Amino acid sequence: MKTDVIMISSQGSQMEAALDQAEKVAVYKGLSMKNALHLRLLTEEMMGMMRSITGKTDGQFWIEDKQDTYELHLKVTANVSADMQKQLLAASHSGKNEAKLGLMDRIRGFFYAGADSDVYGLSSPLMLSEMYEGSSTPTLDWEWSMSVYQEALSYRVKQDDAKAKDAWDELEKSVVAHVADDVKVAIRGKDVEMTIIKRMAA
């Protein structure tokens with residue numbers, strides 16, 4: 001099943017409709033109270049990240065489910081200028097501000113990147129080495145997966161990597177990391193799509 005696609009804005013337009021849609025899916029699929037709460041919580045986190053995107057940006061939100069696996073999709077066409085992108089990334093990488101960023105705040109950086117610009121993941125300690133080129137799929141420029149990142153980070157923590165330990169502590173505090181089974185971000189030209197995946201039975 002795929003729900004209707006809702007047009008949302010970083011200025012807050014239609015975000016309540018997205019939350020309502022999550023609740024309708026939970027009712028329609030007969031999800032337990034706990035699972036319904038998880039679906040709404042993940043939608044809230046996704047909308048919160050959308051709100052934090054600088055400037056007026058429009059996006060598309062929808063939910064898909066198949067065999068007890070639910071996917072929340074947010075697709076945005078990056079329209080941030082190269083100069084603004086550099087300013088945003090510089091701010092996000094500066095000292096104390098860097099330490100305060102959560103997982104969703106950092107993922108937001110992907111939405112300022114495009115195929116014709118430096119990809120955020122290549123210069124971020126959080127994303128470094130866990131982002132890969134989608135050479136097997138011609139339309140895919142880059143993709144990042146939280147589950148792959150967690151595995152790589154776990155290995156680096158065992159090697160006593162100080163930065164990895166800090167990133168692991170940060171990941172442990174993330175609501176999304178605890179609730180979702182995976183988060184994927186794909187960049188195709190100027191289109192950036194985030195998918196939050198949650199497996200749950202009714």
Side-chain angles (χ1 to χ4, degrees), residues 1-29 31 35-66 69-85 87-89 92 101-117 119-121 131 134 137-146 174-176 179-200:
M1 180 195 81
K2 178 179 178 180
T3 66
D4 292 335
V5 176
I6 297 177
M7 300 302 296
I8 58 175
S9 166
S10 59
Q11 305 300 298
S13 174
Q14 289 291 91
M15 289 192 180
E16 281 301 320
L19 294 173
D20 288 344
Q21 190 176 73
E23 292 182 358
K24 288 177 182 177
V25 168
V27 171
Y28 180 74
K29 300 298 291 186
L31 295 180
N35 286 340
L37 180 62
H38 282 170
L39 194 64
R40 181 179 172 89
L41 183 61
L42 292 172
T43 303
E44 287 177 347
E45 288 290 313
M46 190 173 260
M47 293 303 104
M49 194 212 70
M50 181 68 181
R51 277 194 202 93
S52 68
I53 295 177
T54 304
K56 188 178 186 303
T57 305
D58 295 322
Q60 298 175 321
F61 171 81
W62 71 93
I63 299 173
E64 295 181 28
D65 78 274
K66 185 177 181 182
T69 297
Y70 293 77
E71 295 184 356
L72 286 71
H73 294 262
L74 174 63
K75 186 175 182 180
V76 173
T77 298
N79 59 359
V80 180
S81 68
D83 288 341
M84 184 181 291
Q85 180 185 326
Q87 291 174 13
L88 290 165
L89 296 184
S92 70
L101 292 178
L103 178 67
M104 294 299 277
D105 294 310
R106 292 181 188 258
I107 288 177
R108 177 187 59 175
F110 284 119
F111 289 79
Y112 297 124
D116 58 347
S117 60
V119 178
Y120 178 74
M131 199 169 173
T137 308
T139 58
L140 182 65
D141 297 314
W142 296 94
E143 185 175 84
W144 178 84
S145 165
M146 184 181 73
S174 168
V175 172
V176 172
V179 177
D181 288 295
D182 201 0
V183 178
K184 293 184 178 181
V185 181
I187 298 177
R188 297 175 178 86
K190 290 186 176 296
D191 290 333
V192 184
E193 183 174 339
M194 177 169 65
T195 305
I196 296 179
I197 300 166
K198 175 67 177 175
R199 288 183 285 275
M200 52 190 177

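This structure is a prediction, so every number in the text was calculated from the model and none was measured. Computed from heavy atoms alone, side chains included, the values below leave out hydrogens, waters and symmetry copies. Here, residue 1 is the first one in the sequence, and each next residue gets the next number.
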All side-chain hydrogen bond (donor to acceptor under 3.5 Å, both in side chains) counterparts of [X], not counting sequence neighbours:
X	result
Glu71	His73
Glu64	Trp62
Glu45	none

Sorted by chain and residue number, the side-chain contact (heavy atoms from CB on, under 4.5 Å) partners of Glu44 (sequence neighbours excluded) come out as Leu19, Arg40, Leu41
Taking only residues two or more places apart in sequence or in another chain, which ones pass side-chain contact (heavy atoms from CB on, under 4.5 Å) with Ala22? Leu39, Thr43, Ile63
What's the separation between atom [atom1] in [X] and atom [atom2] in [Y], rounded to the nearest 0.5 Å?
X	Y	atom1	atom2	answer
Leu31	Tyr70	CG	OH	4.0 Å
Thr195	Lys184	OG1	NZ	8.0 Å
Met50	Leu74	CE	CG	5.5 Å
Leu72	Met194	CG	CE	9.0 Å

Residue set satisfying salt bridge (charged side-chain N to carboxylate O under 4.0 Å, His left out) with Asp182, at least two apart, ordered chain then number -> none
Asp181: partners by salt bridge (charged side-chain N to carboxylate O under 4.0 Å, His left out), with sequence neighbours left out: Arg199
Mind jotting down which residue pairs meet the side chain to side chain donor-acceptor pair (under 3.5 Å) criterion with at least one end in residues 12-22? Sequence neighbours excluded, please. Thr3-Gln21
On a heavy-atom basis, the closest approach of Val179 and Lys198 is O-NZ, 2.8 Å
Can you name the nearest heavy-atom pair linking Ser9 to Asp58, along with the distance? CB-OD1, 3.5 Å
Is Lys2 atom NZ crowded by more than 12 heavy atoms from other residues, nucleotides or ligands, each under 6.0 Å away? yes
